[in-house]
> 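Pasting a structure below so you can have a look.
No experiment lies behind these values; they were computed from the predicted model shown. Labels below follow one simple rule: chain letters A, B, ... track the order of the sequence lines, proteins then strands, and each chain is numbered from 1. Scope of the values below: all heavy atoms of this structure, side chains included, with no hydrogens, waters or symmetry mates.
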Amino acid sequence: MSNKLKILVPVKRVIDFAIKPRINKAGTGVDTKGVKFSMNPFCDIALEESLRLKEANKGLVEKIHAVSIGPTKAQDILRTALAKGADSTTLVDVGDEEVEPLAVAKLLQKVVEKEQSNLVILGKQAIDDDSNQTGQILAGLLNWPQATFASKVEVEGDNVKVTREVDGGSDTLSAKLPMIITTDLRLNEPRYASLPNIMKAKKKPLEKLKASDLGIELSKRLKTLKLEEPASREAGIKVDSVDELVAKLKEAKAI
Amino acid sequence: MDSNADIDIIDYIRQLFKTLVYMGKDYPVDLGGYPKFIEMAKRGFRNTRVENDHDLTQALAKGNYIIKELESLYFLKKYRYLKRTYKE
């Protein structure tokens with residue numbers, strides 16, 4: 001196994017974090033018309049980590065390949081990835097349908113084989129479906145070691161040392177390449193894609209594929225039955241005197 | 001305004017404005033979003049009095065400063081949202 005890293009970074013196009021999603025009329029999904037989309041923040045952290053590995057260790061990283069599985073418009077997200085410093089990209093166009101983590105992992109497995117990647121850095125989860133499954137399933141399919149929720153990544157030759165965020169502390173793992181890393185929030189601070197870099201990214205390579213090109217059939221195993229807004233909080237009341245306050249508190253069995 | 005240096009400066013100012021417009025597309029919706037931002041940017045450019053070289057350097061420095069501030073604002077907004085949603 002050569003020491004050069006070929007990093008694969010999957011990025012997902014999601015509804016922007018600043019926007020409050022609205023449930024559609026059928027109650028089975030969210031409205032996406034006229035809504036701003038951007039790169040999933042955890043994917044952004046994953047991309048940033050691969051860029052930092054490349055910049056901090058000269059000659060260590062051979063290439064960073066970003067891949068997105070989503071509608072045609074996910075191109076914009078890949079352009080952002082290119083602007084930030086990814087070397088090449090693949091768009092797996094699956095139309096507007098939401099793809100389940102298993103299918104995503106199967107597609108990614110094919111892309112890993114195609115690109116001969118030996119390190120896959122993914123965001124731990126997407127902020128739209130919050131599945132937190134893709135990295136783990138991909139590790140299972142490829143039979144590679146995985147380090148989830150990374151808060152620090154160090155590469156020493158063929159070994160990768162990853163510090164993970166766990167409840168009330170940290171957990172340090174070491175594994176040989178190839179491996180899967182999923183990123184947590186505190187791994188790094190993603191950079192901003194500047195305007196000149198976005199313009200330059202238009203000339204960088206963007207490969208377009210269909211799921212069938214990779215020999216994967218997208219069949220759904222899950223059906224969304226219902227989507228509901230959380231119950232809204234009831235308004236509070238004002239009390240005029242201490243006595244009233246005490247009475248109300250007693251009524252609520254708080255004292 | 002006819003020498004090459006002046007044209008360069010005008011080009012630089014135009015580039016600065018374009019960068020701000022581009023960054024404004026990410027301006028937080030709860031703070032007024034893109035329309036509010038673009039109005040502020042236009043007003044800022046229109047109301048900046050530049051009478052000598054010193055004023056010009058200062059105005060351009062302020063423009064670049066705002067770009068950096070916006071980058072940090074966007075980063076913090078995103079970080080805090082994620083921390084609130086996934087860490088607490």
> B:D26 versus chain A, heavy atoms under 4.5 Å apart: side chain, backbone, both or neither?
both

> Do other residues, nucleotides or ligands put more than 12 heavy atoms under 6.0 Å from B:N52 CG?
yes

> Under 4.5 Å heavy-atom distance to chain B, tell me which part of A:D16 shows up: side chain, backbone, both or neither.
neither

> Measure B:K77 against the heavy atoms of chain A and call it side chain, backbone, both or neither at under 4.5 Å.
both

> Around atom CG of A:D96, are there more than 12 heavy atoms of other residues, nucleotides or ligands at under 6.0 Å?
no

> Do any of residues 192-200 of chain A have a heavy atom less than 4.5 Å from a heavy atom of chain B, and if so, which, in residue order?
A:Y192, A:A193, A:S194, A:L195, A:I198

> Between A:R186, A:E165, A:R191, which residue shows the highest count of heavy-atom pairs closer than 4.5 Å to chain B?
A:R186

> Give the interface residues of residues 35-55 of chain A toward chain B, defined by a heavy-atom separation under 4.5 Å.
A:K36, A:P41, A:F42, A:D44

> Under the criterion side-chain contact (heavy atoms from CB on, under 4.5 Å), I'd like the reasoning laid out for A:L185 against B:Y79: C-alpha separation, chi angles, the key distance, then a yes or no.
CA-CA 8 Å; A:L185 176 59; B:Y79 178 81; 3.8 Å; yes

> Please determine whether the number of non-hydrogen atoms from other residues, nucleotides or ligands lying under 6.0 Å from atom NZ of A:K204 exceeds 12.
yes

> When you check the side-chain N and O atoms of B:Y86 and A:D130, is any donor under 3.5 Å from an acceptor?
yes

